[in-house]
Amino acid sequence: QQPVQSPQAVILREGEDAVINCSSSKALYSVHWYRQKHGEAPVFLMILLKGGEQKGHEKISASFNEKKQQSSLYLTASQLSYSGTYFCASVIQGAQKLVFGQGTRLTINP
Amino acid sequence: GAVVSQHPSWVICKSGTSVKIECRSLDFQATTMFWYRQFPKQSLMLMATSNEGSKATYEQGVEKDKFLINHASLTLSTLTVTSAHPEDSSFYICSGLTGARNYGYTFGSGTRLTVV
């Protein structure tokens, strides 16, 4: 039931773009994206509830393809503060549990 | 917005002792609380789901007699790690289900447990 994320790790230079993908073998009710810094709790980024939905805040956006059971997180013109581990999490249709993907470690270098 | 207060932030205990972690929902009623465990460089793994006034539901492979969950009120859920061993050392995080508010799930700040 755990969503599958790719890639597992990304190293960028400041200002470059990144895409993190998340897919599930189960039907998705919603997709949540979080960022976690070392030693801290995950921080909520955004939630996508409907197929075809796209959301964004500043230079971080995401899309949700319900039919394909996939979601992607887009980070444009990355900043040093974007470093951390990004998790997608899904709520399986018919359940309330939030299940996390294995994470994507993003490193931004100056 | 909805806030979950988790205590303690960190705890060091001796092997064989028990440790209690508390999560309080400060401005909403958390009828459902989720407990996660995270080992270094790994993802958050759901341990159990607790509902106020009823027994917790544990995920496969999680020992319910070792990880005691109590959800006696709408604002307090506790996780007690009994007879802790070094392999129980981990980051424990709770998450309250808020429904439509605050996008549905509000996380506590986490508890770093080290068993020596």
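Order of the sequence lines sets the chain letters (A, B, ...), proteins ahead of strands, with each chain counted from 1. All of these numbers come straight from a predicted model, not from anything done at the bench.
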Fill in: Contacting moiety of B:Thr32, where chain A heavy atoms sit under 4.5 Å
side chain

Worksheet item: chain A heavy atoms under 4.5 Å from B:Gln6: which part of the residue, side chain, backbone, both or neither?
Response: neither

Item to complete: Go through B:Glu59 and A:Lys97 one step at a time and tell me if the side chain to side chain contact (heavy atoms under 4.5 Å, CB included) criterion holds.
Response: CA-CA 11 Å; B:Glu59 295 297 304; A:Lys97 299 187 294 185; 3.3 Å; yes

Discussion item. Nearest 0.5 angstrom please: A:Thr85 OG1 to B:Gln42 CD, how far?
Written reply: 12.0 Å

Fill in: Gap between atom CD of A:Glu40 and atom OG of B:Ser109 - 0.5 Å precision
10.0 Å

Where [X] and [Y] come nearest, the two heavy atoms and their spacing:
| X | Y | answer |
| --- | --- | --- |
| B:Gly108 | A:Ala41 | O-CB, 3.3 Å |
| B:Tyr36 | A:Leu98 | OH-O, 2.6 Å |
| B:Phe107 | A:Pro42 | CD2-CG, 4.3 Å |

Does atom [atom1] ([X]) have a neighbourhood of more than 12 heavy atoms from anything else shown, all under 6.0 Å?
| X | atom1 | answer |
| --- | --- | --- |
| B:Lys64 | NZ | no |
| B:Leu26 | CG | yes |
| B:Arg112 | CZ | yes |
| B:Met45 | CE | no |
| B:Glu87 | CD | yes |
| A:Lys37 | NZ | yes |

Discussion item. Count I, L, V, M, F, W, Y as connected when their side-chain heavy atoms are under 4.5 Å apart, and connections chain through other members. Are B:Ile93 and B:Val81 then in the same cluster?
Written reply: no

Discussion item. Quick check: is A:Tyr74 connected to A:Phe87 through a chain of hydrophobic side chains (ILVMFWY, heavy atoms under 4.5 Å apart)?
Written reply: no

Discussion item. Are B:Tyr105 and A:Phe44 an aromatic pair, judged by ring center distance below 6.0 Å?
Written reply: no

Item to complete: Taking the side chain as every heavy atom from C-beta outward, state whether B:Leu44 and A:Gln36 have any pair of such atoms under 4.5 Å apart.
Response: yes

Worksheet item: Any donor-acceptor pair under 3.5 Å linking the side chain of B:Ser43 with the backbone of A:Gly101?
Response: yes

